[in-house]
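Read through the structure below, which is laid out as structure tokens, and then see the notes.
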Amino acid sequence: MAMALTRRNLHLLCPIFSARLLTTASTSPITIETSLPFTAHNIDPPSRSVQTSPQELLSFFRDMALMRRMEIAADSLYKAKLIRGFCHLYDGQEAVAIGMEAAITRKDCIITAYRDHCLFLGRGGTLLEAFAELMGRKDGCSKGKGGSMHFYKKDGGFYGGHGIVGAQIPLGCGLAFAQKYSKDDNVSFMMYGDGAANQGQLFEALNMAALWDLPAILVCENNHYGMGTAEWRAAKSPAYFKRGDYVPGLKVDGMDALAVKQACKFAKEHALKNGPIILEMDTYRYHGHSMSDPGSTYRTRDEISGIRQERDPVERVRKLILAHDIATEKEMKDNEKEVRKEVDEAIAKAKEIPSPDPSELFTNVYVKGLGVEAFGADRKELRAVLP
Amino acid sequence: MAASFGVSSAAAANAVKSPALSPPSLPVIRSEARPISCRVNKSRKAGKITTKAVAAQAENPASAASKPGHEVLLFEALREGLEEEMERDPRVCIFGEDVGHYGGSYKVSKGLADKYGDLRVLDTPIAENSFIGMAVGAAMTGLRPVVEGMNMGFLLLAFNQISDNCGMLHYTSGGQFTIPTVIRGPGGVGRQLGAEHSQRLESYFQSIPGIQMVACSTPYNAKGLMKAAIRSENPVVLFEHVLLYNLKERIPDEEYVVSLEEAEMVRPGEHVTILTYSRMRYHVMQAAKTLVNKGYDPEVIDIRSLKPFDLYTIGNSIKKTHKVLIVEECMRTGGIGASLTAAINENFNDYLDAPIVCLSSQDVPTPYAGTLEEVTVVQPGQIVTAVEQLCR
């Protein structure tokens with residue numbers, strides 16, 4: 001697991017000071033307790049003690065700082081009108097993405113809704129691709145034709161990036177079905193929010209996944225607000241991990257990357273043997289629902305700053321690193337400076353990429369144009385040529 | 001290109017002329033190492049032994065002991081196409097309500113679950129939105145699901161999945177994911193099934209970018225279109241018709257695939273071009289008999305491909321006859337006929353001697369009463385009158 005992280009992180013980093021720190025950091029295991037115990041429904045919860053290593057903790061910090069920086073940079077780009085349309089930011093929820101990545105491989109599939117920038121990064125996407133796509137340039141991950149809500153990375157096992165609330169859950173069910181069909185020991189994580197938890201298609205997909213024992217893990221990123229509606233105003237039962245009824249569930253502190261990692265590891269083992277499981281990540285988003293939502297009309301600023309002070313995921317990992325003497329304060333600050341520089345460089349590069357060519361309007365509507373080779377019983381080829 | 005095309009379509013016309021089918025008069029050549037059609041024949045009860053078709057020179061079919069090919073009903077032809085494709089490619093799977101153990105509500109997938117297992121021929125719960133979404137998700141990883149809507153009307157529940165995910169994912173992902181699904185099912189008016197089960201929904205799906213729509217009308221093109229749709233990398237919606245499942249026709253033993261984008265010349269003629277598809281083809285042919293007796297020579301084209309239109313075949317026909325009549329079962333407002341009228345007007349306005357006449361079904365929910373249901377769709381008498389008026 002640690003080796004996989006190194007490989008992945010070297011992809012994210014350029015060779016600089018903290019990279020040396022990361023590679024020279026020890027991989028000897030440390031055991032840390034999660035902040036809160038897990039609450040379980042119809043299943044025995046995993047233990048609170050999580051195995052990790054200094055290298056892993058440093059990589060957690062680095063990646064989460066990168067994601068945080070990217071989202072804040074996207075905020076300024078949006079206000080500068082370089083990003084248009086919808087922009088849903090993930091800052092505050094980074095621990096979910098990072099903890100999940102630490103527990104799985106690139107062969108497992110992740111599918112999510114529109115708050116997908118950081119998950120894309122976690123799956124191996126580069127900053128350049130992300131910013132280019134956000135600004136609608138031709139070298140974006142979807143060639144500039146998708147936008148903020150449509151990030152995909154096929155070779156990283158990231159299936160998007162979906163704008164319609166809840167529609168990604170049956171798709172995720174299909175991913176799990178394909179994994180069962182080809183009998184590879186991988187799982188699919190379908191992520192959705194507390195708002196989408198009230199969608200009918202979720203329960204339909206849950207029924208099918210449980211019926212056929214599909215390796216499906218449903219992850220509810222409960223940030224307590226479905227756009228402007230608080231969860232207690234939208235759901236009769238906001239205990240989303242219990243909503244599966246016959247499907248077991250686990251409630252996890254989504255601001256603790258180690259707890260997320262433990263839960264995802266546990267869930268993967270469970271799903272491969274017993275079928276679907278629901279994970280509810282108790283998390284929080286600092287920004288509003290999207291850039292057009294200030295985020296303060298339905299919640300108080302005290303609430304937001306309170307969470308930032310007490311439960312911020314990046315701060316928690318920073319404190320762990322300092323407490324275990326893995327790095328010094330100065331090294332951490334340098335780390336953050338490098339991250340900032342990296343993001344700024346990526347934005348500068350992305351700004352120079354041109355918009356897609358007008359001919360790109362018609363590409364990728366169909367696959368390679370039309371026309372399956374047709375042949376009659378006498379093997380004469382019939383192929384239509386449209387004017 | 002034009003010349004060879006003309007020859008091929010004539011051959012196709014010869015092969016498909018209904019009702020009396022004349023056997024193809026071309027050499028029969030064995031094409032693939034695996035004799036797929038032989039395997040299918042083995043599973044049929046009443047199969048005559050077909051000689052291995054390795055003939056290098058033309059075998060005169062008239063001298064064959066009996067007619068070549070085998071007789072099938074349309075639903076059996078669909079099943080043959082499905083089975084052959086499932087045999088050929090292990091990624092092809094079927095999803096739908098009651099497709100497995102029950103065999104399909106119109107018997108299209110009968111016996112396939114016994115042969116391929118419950119995971120490959122999957123009985124889904126009644127959750128169209130989700131199982132079509134599931135098919136799209138599975139297609140994203142490389143599987144090739146064939147999804148059956150028990151009735152096309154039920155697909156309205158899954159419209160979001162069909163439109164956004166099935167149709168658009170290839171585009172919004174910048175080409176990373178292909179969605180090679182086939183969505184098929186019966187629709188149309190005819191068995192007094194009531195308004196909600198007799199919908200003519202081709203119009204609803206036609207604006208979705210990224211999908212292809214085809215409508216089958218004979219056992220020959222049903223099997224061919226099914227195979228082509230499964231092999232296509234694009235999502236395809238295959239419209240069948242409830243009343244056509246028991247049509248009988250003799251189809252070749254050898255493997256064949258029909259082009260998804262091509263129209264079929266049913267009856268060449270000189271006076272007027274009649275464009276039709278699915279069940280209305282039979283009403284048109286019935287009207288054609290009357291018209292021939294009255295001295296008219298209609299050219300009947302089964303457009304088959306509803307999205308995109310085969311404007312090549314249609315255009316050639318219009319350049320010959322200069323008059324167009326469209327006969328369809330779709331709703332009038334915003335239907336296939338409306339789009340086809342617009343497309344023809346844009347492209348072939350100079351060749352038209354008269355405005356295009358479009359006969360569609362009435363813009364009403366399909367009534368239950370038999371007499372009312374009959375007049376909801378276009379009847380042969382109306383077609384005859386329209387042609388007479390057009391050719392005046």
Side-chain angles (χ1 to χ4, degrees), chain A residues 109 111 140-147 149-150 152-154 159-164 167-182 188 200-201 204-205 207-208 211-212 363-368 370-387, chain B residues 1 5 8-9 11-12 15 24 26-29 31 93 119 124-125 127 129-131 133-143 160-161 164-165 170-178 209-210 212 224 228 231-234 252 254 256-262 308 310-313 315 347:
Chain A
C109 306
I111 190 169
C141 55
S142 302
K143 299 192 191 152
K145 297 200 274 197
M149 298 188 285
H150 298 285
Y152 302 89
K153 193 158 178 72
K154 185 166 187 178
Y159 288 81
H162 296 273
I164 304 292
Q168 76 274 13
I169 302 168
L171 255 64
C173 205
L175 299 174
F177 176 81
Q179 285 169 333
K180 185 169 178 123
Y181 194 91
S182 34
S188 293
Q201 41 191 337
E204 292 177 12
N207 176 41
M208 290 197 284
L211 196 59
W212 301 317
T363 58
N364 300 129
V365 178
Y366 292 106
V367 180
K368 283 187 292 201
L370 306 161
V372 161
E373 221 171 69
F375 47 91
D378 53 3
R379 306 307 295 178
K380 270 245 167 75
E381 270 180 31
L382 307 167
R383 203 176 304 173
V385 175
L386 304 181
Chain B
M1 194 63 211
F5 183 78
S8 339
S9 69
L26 292 149
V28 164
I29 305 160
S31 48
C93 48
L119 199 67
T124 61
N129 197 359
S130 306
F131 68 72
M134 204 169 107
V136 175
M140 281 168 100
T141 63
L143 290 190
N160 175 51
Q161 297 288 353
D164 293 358
N165 293 330
H170 185 65
Y171 192 83
T172 54
S173 67
Q176 284 180 68
F177 295 111
T178 58
Q212 285 186 253
R231 293 188 193 192
S232 168
E233 295 296 323
N234 296 312
E254 297 75 24
Y256 66 94
V257 173
V258 141
S259 174
L260 280 179
E261 298 92 25
E262 210 180 348
D310 180 7
L311 291 177
Y312 185 77
T313 313
N347 289 300

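Chain A is the first sequence line, chain B the second, and so forth, proteins listed ahead of strands; every chain is numbered from 1. In this text, all values refer to a predicted model and were calculated from it rather than measured experimentally.
In plain terms, the two heavy atoms of Leu175(A) and Gly137(B) that are nearest each other are CD2-O, 3.4 Å. Scanning all heavy atoms of the two residues, the minimum distance from Ser130(B) to Ala205(A) falls at OG-N, 3.9 Å. Here the closest heavy-atom approach between residue Gln176(B) and residue Cys141(A) is recorded as NE2-O, 3.0 Å. Taking both residues in full, the closest heavy atoms of Ala127(B) and Glu204(A) are given as CB-OE1, 3.2 Å, listed atom of the first, atom of the second, then distance. Residue Met140(B) comes nearest to Leu171(A) through the heavy atom pair SD-CD2, 3.9 Å, listed as atom of the first residue, atom of the second, then distance. Minimum interatomic distance between Pro125(B) and Leu211(A) (heavy atoms only, all atoms of both residues): CG-CD2, 4.3 Å.
For a residue to count as touching a neighbouring chain, one of its non-hydrogen atoms must lie under 4.5 Å from one of that chain's; by this rule Leu119(B) touches chain A with backbone and side chain alike. At a 4.5 Å heavy-atom cutoff, the contact between Thr363(A) and chain B is made by backbone atoms alone. Both the backbone and the side chain of Asn129(B) come within contact range of chain A, each with at least one heavy atom under 4.5 Å from a heavy atom of that chain.
Note that NZ of Lys154(A) and OG1 of Thr141(B) are 8.0 Å apart. Values are rounded to the nearest 0.5 Å. The distance from the CD atom of Gln201(A) to the CZ atom of Phe131(B) is 13.0 Å, given to the nearest 0.5 Å. With rounding to the nearest 0.5 angstrom, the CD1 atom of Ile164(A) is 4.5 Å from the CG atom of Asp164(B).
In this structure, the ring pair (Phe, Tyr, Trp, His ring centres under 6.0 Å) partners of Tyr181(A), at least two apart in sequence or on a different chain, are Phe177(A). With sequence neighbours excluded, the residues that form a ring pair (Phe, Tyr, Trp, His ring centres under 6.0 Å) with His162(A) are Tyr152(A).
No donor-acceptor distance shorter than 3.5 angstrom exists from the side chain of Asn364(A) to the backbone of His170(B), with no hydrogens or angles considered.
Residue with the most contacts toward chain A among Gly175(B), Ser173(B), Gly315(B), Pro209(B): Ser173(B) (heavy-atom pairs, distance under 4.5 Å).
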